[in-house]
Asker: 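The structure that follows is given in the form of C-alpha cells.
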Amino acid sequence: MAIPKPSLVLCSVLTFLTLNYGPCHVFAKVYMVVMEDDPVVSYKAGRKNEMRGEEAQKYKEMSTSKHDVFLESFLPTGSYKKLYSYTHLLNGFAVHAKSEKAARILSGAKGVRLIQEDIKMAKMTTYTPKYIGASGVWPQLGGAENSGDGIVIGMIDTGIDPKNPSFGSFSDQAKPPPPNFKGMCRSGDRFPPDSCNGKIVGARWFARAGQASGEFNATLHFASPYDPDGHGSHTASTAAGNFHTPVISRGYNFGYASGMAPGARLAIYKAAYPFGGYMSDVIAAVDQAVEDGVDVISLSMAPSSVSSGPASFLNLLETQLLLATKAGVSVVQAVGNGGPDASSIVSFSPWITSVAASTTDRKYNKSITTGNGLVFSCGGLSPPTPGETMYPLALADDVSIANTTDESNGCQDPKVFIRSLVQGKVIICMIVSSNYYQYDTYAGMIDTIQKIGAAGVVITDRYTGDIDYEYQPIFPTAVPSAMVLSGVDMMNLIEYYENNTARDGDGGVITFGATVRILEGRRASYSGERPEVAGYSSRGPNIENSQMELADVLKPNVMAPGHHIWGAWSPTSDALPEIRGESFAVLSGTSMSTPHVAGVVALIKQRYPRWSPAMIMSAIMTTADVTDRSGRPLMARRDVGAVVAATPFDMGAGAINVARALDPGLVFDAGYREYLQFLCAVPGVDEAAVRRAVGASCPTSRARWCTDLNTPSVTVARLVGSRRVERRVYSVGGENETYMAYVRAPDGVAVRVSPDEFTIAPGGAAALRIVLNTTAPGNAFSFGEVVLRGDKKHSVRIPLAVYPAAVLGP
Ligand SMILES: *[C@@H]1O[C@H](CO)[C@@H](O)[C@H](O)[C@H]1NC(C)=O
Ligand SMILES: *[C@@H]1O[C@H](CO)[C@@H](O)[C@H](O)[C@H]1NC(C)=O
Ligand SMILES: *[C@@H]1O[C@H](CO)[C@@H](O)[C@H](O)[C@H]1NC(C)=O
Ligand SMILES: *[C@@H]1O[C@H](CO)[C@@H](O)[C@H](O)[C@H]1NC(C)=O
Ligand SMILES: *[C@@H]1O[C@H](CO)[C@@H](O)[C@H](O)[C@H]1NC(C)=O
Ligand SMILES: *[C@@H]1O[C@H](CO)[C@@H](O)[C@H](O)[C@H]1NC(C)=O
C-alpha cells in the first residue's frame, strides 16, 4: 500500500474551560510532526507485549536521536530548534522553525506521517462530594482517606500550589507512590523537593512552545510545576484534594472541602499558563503522563473550534487521547463553555468522557434591609455590617467631588470621595452589565470602599436590569458588601433612597435620610433543589467535521457540578484580582465539572482495577440521574432566565450518581479495535486518513455505521427509514439477574429492543438489538430512552437521540 502523502492539518485552538478568561493570541511557528515509526506503546517487531523498563528507555533514546538526525538532514543548522521528542504514544516531535518553508520541507519528507501547525491555546467545599453521592461510597472504599488509594490522577493544567492544605501530606507521612507509577518530581521555584509528599506523586512542567514564542516569563510563570494561575490547583483539589480541608478565605471558615477521591494521588503536568498554552506542550504532557503510568487524565482544556482535518475525531490531540485510552488510561475532558448554542461542544470523540456543568443546590443567602423595612435578596460572600444598627446610605455620586461613577469604572478612585461624607455610610456603587465579567471592577470597588473607610457597599446595575444568577461574581470580601440582583429591587432601592434624601436646587444632597443594614452572607444553605445544566455548558449535537455535519455520537457524556465550586487557589495568582493572596476560590465552568468526574473514575478504578476506560465510562453514564428524587425531570438553563427540560444534548446521560456508578449491573465495553472500526465508518473518512492520523489500518471487519460502536447511548443524526443498532452488554453484577427492556421512543420514531427480556449470569454477555424506524419525519432531534431494569434492582439507562429524517420509500 502506498504511504499517503502527509497533509498539513490546521490545528485548533485549545482553551481553558473556566469562565472569564481572556482572548486567543497569535501562534508561534511551531510544528508538530508525527513520524511513520512506531511509538513505544505500539512498537511490535515480533513482540507480544509493550516494551518496558530499559528496553523502552533505549527505544525512546533511539527515536529521539532519529528525530535529531532527521531534522539535521532536512533543515539548515540554526534555522530551527527541536522543542520535544514525543516517543510514548506518538513517535514525533515539536519543532520551532524560523520560516514557514520548514513546514513545506518537512511535510514532503520521507518518514513523516503527519504535520500539524501549533497554535496558541486561549483560556476558555466543597460540598459537592455529598451532592453527587461520592461521600456516600467512601465507607465502601476504606473511608474517605483511602478512597481512590492506589490510583493516580494526571492533571494536565496550570500546575499546583503544593503548599495548599488540600495537598498536604497524608497523616502517615509521604506514602510511596503506587508501584505502577514511574513519574518523577521536578523541583524548582516555589516547588521545593518535598512538594512530592505522597499526595502529589509526580510533577513536571512543559513550556517549550511558550518559551519559543517569548510569552513564558519565569518570574511570572515559574520555571517549576508551581501554579501561577490557580486553575490547576482548583481542578486538582476537586479531583483528589484531601478530606476535610478547612476552606478559609478572608479570615472566614466557609466549611470543609474534599476532593471526590480524597485518597487518590495527583500527578501534575503543568502545560498551560495565564497567557494560555500551546497544543505541542499539552501533547508532550499527555505523552509523559501515560508513560509515567497515570490511571486517569483530567483535561479542563479543549479545542475551541473544529479542526479543518477530515474529521473532528482525527485532530492530533483527539487521536493521541485515543492512544492513551488504548493504553488503559481514562480520559475525562471538559465539553466546553460555548452553551447554550447547539453544537457548541469542543470535545468530540467517543473514547473521551466529555463533561457538562450543572448548578448545585448550595445558595448563599445574603440580604439587606432598609430603614422602612424593605428586604432585598442579594449576592455576595461578605460579613454583615456590625451590630444591629442601621447605617446611612449614600449614592457614590452624592459623596464625591467629581463624576466618579464613570460608566465603565464605578467607585474605582478613592481620591474623589469626600472623606467626611463617606465615614460610617454604606455606599451604592453602580456597574454596567458589560462589566459583570470584569473582575477587576469588583476588586477596585471593594478596594475603594476599604480605603475611604465607608461602612459597606451595595452594588447595583446602572440600568437597573436583572443580574443573572450565572454571572453573579462570587468572592469573599472583608468589607460588608451586597449585590442587588433583581432589577425591580434595584429600582425600589434607588426610589427609597431618593424618597429619603433632601436635595438642593442643584441636586446636591442636604440630608441623607435613607438607612440600610447588610446581613451576614457567608453561610451556605442547601435547598435540595435539582441540578440544572448551566447556561454556558456546551451543547450537542456532536459534529463530525468543520462543515458542522452532525455525528452519530452523543456529547456531552455526563454532567457534574461546575457552577460556583469552591477549590484550592494560588495565592500568587493575578487571574482574580479580588481574591489575590487567598488559598481558595469559587469558580465556575466545565473546567470545574471535569475533575469531579476524574475523581469518580478514580473511585471506580480502585474498586474495579481491571475495567477498561469504556466500561468505567459506561458505568458512569448508564447510572446517571435524569430526574430528581421526586421524579421531576432535570432542567437546563437556556437563554437568560429560560429554563427548559434538559435533553441528552444538554446533560449527556444525566447527572452523575456515584453510588449507582459503583454498582452498574451491566456495562458496555469497547476497545481500540472498535474505535478504529468507528473511525473507518465516519462519512468522508477513508482508510488513508485513519492511517495518517493513528498509524493503523482499518480492521478487516468493517462497521457500517458509526452507530455500531458499542456505546451506552444511541444517536442517529439522520434516520432515513430504518436503522439496526447492535449492542453488547456484560454483567458485572454478583448474581444472575433478569432484565426487562423498557422503551420510551423519541417522537416520530418506532423503537424495538430484542430480546426484551434476558437473564444474565455474573461475567456473562448478552447481545441486544435496537431497531429504530422513522414513523413521522420531523425537522429536529427527538429524544427517548431504553431502560434495562433488572430484578436485582439494577437499572441501566441508554439515552436515544434521533433525527427522524424520512420514512422508507415505497
Ligand atoms: C518578566 O516579568 C517581570 C515581572 O513582571 C518583568 O519585570 C520582566 O521584565 C519580565 N521579563 C521579560 C523578559 O519580559
Ligand atoms: C435568608 O435570609 C433572610 C433574612 O435573614 C431570612 O429571612 C430567610 O429565611 C433566609 N432564607 C434562607 C433560605 O435561609
Ligand atoms: C457622569 O458621566 C456619565 C458618562 O461617563 C454621564 O452620562 C453623566 O451625565 C455624568 N454625570 C454628571 C453628573 O456629570
Ligand atoms: C417613595 O415615595 C412615594 C411617594 O410617597 C411612595 O409612593 C413610594 O412607595 C416610596 N417608595 C419607596 C420605595 O419607599
Ligand atoms: C445462575 O444461572 C445458572 C444457569 O442459568 C446456574 O447454573 C447458576 O447456578 C446460577 N447462579 C446463581 C448464583 O444463582
Ligand atoms: C421497521 O421497519 C422494518 C422494515 O420496514 C420492519 O420490518 C420493522 O418491523 C419495523 N420496526 C419497527 C419497530 O417499527
Side-chain angles (χ1 to χ4, degrees), residues 25 28 188-190 207-224 226 228-229 273-276 367-378 390 392-393 395 426 428 458 460 464 484 486-503 511-517 570 572-575 577 580 704-705 707 714 716 718-727 741-756 768-778 782 784-786 798 800 802 804-810:
H25 299 259
D189 201 2
R190 272 189 171 260
R208 291 186 194 156
Q211 285 165 325
S213 72
E215 285 149 291
F216 179 85
N217 176 333
T219 310
L220 295 172
H221 307 129
F222 301 92
S224 81
Y226 179 75
D229 185 274
Y273 298 85
F275 60 82
S367 55
I368 58 174
T369 62
T370 60
N372 64 342
L374 299 174
V375 179
F376 301 114
S377 166
C378 295
M390 304 297 293
L393 190 62
L395 214 52
V426 170
I428 300 178
V458 172
T460 65
T464 57
V484 183
S486 133
V488 172
D489 287 352
M490 292 177 201
M491 274 186 289
N492 285 332
L493 180 69
I494 300 299
E495 192 180 302
Y496 162 70
Y497 174 73
E498 291 300 342
N499 274 3
N500 293 281
T501 301
R503 293 182 186 275
T511 54
F512 292 94
T515 58
V516 73
R517 194 178 147 213
S570 257
T572 59
S573 173
D574 277 332
R580 199 174 286 127
R704 182 146 175 247
W705 305 99
T707 40
V714 177
V716 185
R718 203 177 129 71
L719 180 64
V720 176
S722 184
R723 179 83 60 97
R724 206 173 76 194
V725 176
E726 309 285 355
R727 288 289 182 269
Y742 296 84
V743 174
R744 187 167 57 76
D747 288 344
V749 181
V751 179
R752 187 178 309 141
V753 180
S754 56
D756 60 3
L768 284 178
R769 169 172 297 172
I770 304 172
V771 179
L772 306 155
N773 288 5
T774 296
T775 52
S782 56
E785 63 186 19
V786 172
I798 305 156
L800 308 177
V802 182
V807 291
L808 266 194

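First listed ligand is number 1; within each ligand, the first listed atom is number 1. All values below come from the heavy atoms of this structure, side chains included, with hydrogens, waters and symmetry mates left out.
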Asker: Among V771, L768, I798, find the one that has a side-chain contact (heavy atoms from CB on, under 4.5 Å) with V753.
Answerer: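 The passing option is L768.
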
Asker: Evaluate the ring planes of F216 and H221, with Trp represented by its six-membered ring, and classify them as parallel (under 30°), tilted (30 to 60°) or perpendicular (over 60°).
Answerer: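 The rings of F216 and H221 sit tilted, inter-plane angle from 30° to 60°.
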
Asker: In terms of residue, atom name and distance, what is the protein heavy atom nearest to atom 5 (O) of ligand 6?
Answerer: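 In this structure, atom 5 (O) of ligand 6 has L808 CD1, 4.3 Å as its nearest protein heavy atom.
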
Asker: Is there a protein heavy atom at a distance of less than 4.0 Å from atom 14 (O) of ligand 4?
Answerer: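 When distances to the protein are checked, atom 14 (O) of ligand 4 has a heavy atom within 4.0 Å.
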
Asker: Using a 4.0 Å cut-off to any heavy atom of N217, which atoms of ligand 1 qualify?
Answerer: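 Listed by number with element: 1 (C), 2 (O), 3 (C), 8 (C), 10 (C), 11 (N), 12 (C), 14 (O).
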
Asker: Is the closest protein non-hydrogen atom to atom 10 (C) of ligand 4 under 4.0 Å?
Answerer: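 Yes, there is one.
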
Asker: Of all the non-hydrogen atoms in the protein, which one sits nearest to atom 8 (C) of ligand 4, and at what distance?
Answerer: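 Minimum-distance protein heavy atom for atom 8 (C) of ligand 4 reads E495 OE2, 3.4 Å.
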
Asker: Just need the protein heavy atom nearest to atom 6 (C) of ligand 6, so name the residue and atom and give the distance.
Answerer: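 Sorting protein heavy atoms by distance from atom 6 (C) of ligand 6 puts N773 ND2, 4.0 Å first.
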
Asker: Could you list which atoms of ligand 4 come closer than 4.0 Å to a heavy atom of Y496?
Answerer: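 Here the atoms of ligand 4 in question are 13 (C).
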
Asker: For atom 4 (C) of ligand 4, what's the nearest protein heavy atom and its distance?
Answerer: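 Protein heavy atom with the smallest distance to atom 4 (C) of ligand 4: N499 ND2, 4.5 Å.
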
Asker: Can you give me the closest heavy-atom contact between A745 and V751, atom names plus distance?
Answerer: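 For A745 and V751, the tightest heavy-atom pair comes out as CB-CG2, 3.8 Å.
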
Asker: Quick check: do V714 and R727 have side-chain heavy atoms less than 4.5 Å from each other?
Answerer: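 Answer yes - side chains close enough.
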
Asker: Under 4.0 Å from a heavy atom of N372: which atoms of ligand 4 are those, numbered in the order shown and with their elements?
Answerer: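 Matching atoms, with element in brackets: 14 (O).
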
Asker: Does any donor atom in the side chain of D229 or S573 lie under 3.5 Å from an acceptor atom in the other side chain?
Answerer: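 Distance-only check fails for D229 and S573.
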
Asker: Flag the pair V716 / W705 as yes when at least one side-chain heavy-atom distance between them is below 4.5 Å, and no otherwise.
Answerer: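 A side-chain contact is absent here, since even the closest heavy-atom pair is not under 4.5 Å.
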
Asker: Using a distance threshold of 4.0 Å (strictly less than), state whether atom 1 (C) of ligand 6 has a protein heavy-atom neighbour.
Answerer: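 Given the 4.0 Å cut-off, atom 1 (C) of ligand 6 counts as touching protein heavy atoms.
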
Asker: Run the numbers for me: atoms of ligand 6, each under 4.0 Å from some heavy atom of A750, listed by number.
Answerer: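 Here the atoms of ligand 6 in question are 14 (O).
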
Asker: My understanding is that only one of V375, L493, L393 makes a side-chain contact (heavy atoms from CB on, under 4.5 Å) with T370; could you say which?
Answerer: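 Considering V375, L493, L393, a side-chain contact (heavy atoms from CB on, under 4.5 Å) with T370 is found only for L493.
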
Asker: Take the angle between the ring planes of F222 and Y226 and call it parallel below 30°, perpendicular above 60°, tilted in between.
Answerer: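 The rings of F222 and Y226 stand perpendicular, inter-plane angle above 60°.
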
Asker: Within the 4.0 Å heavy-atom shell around N492, which atoms of ligand 4 are there?
Answerer: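 Those atoms are 13 (C).
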
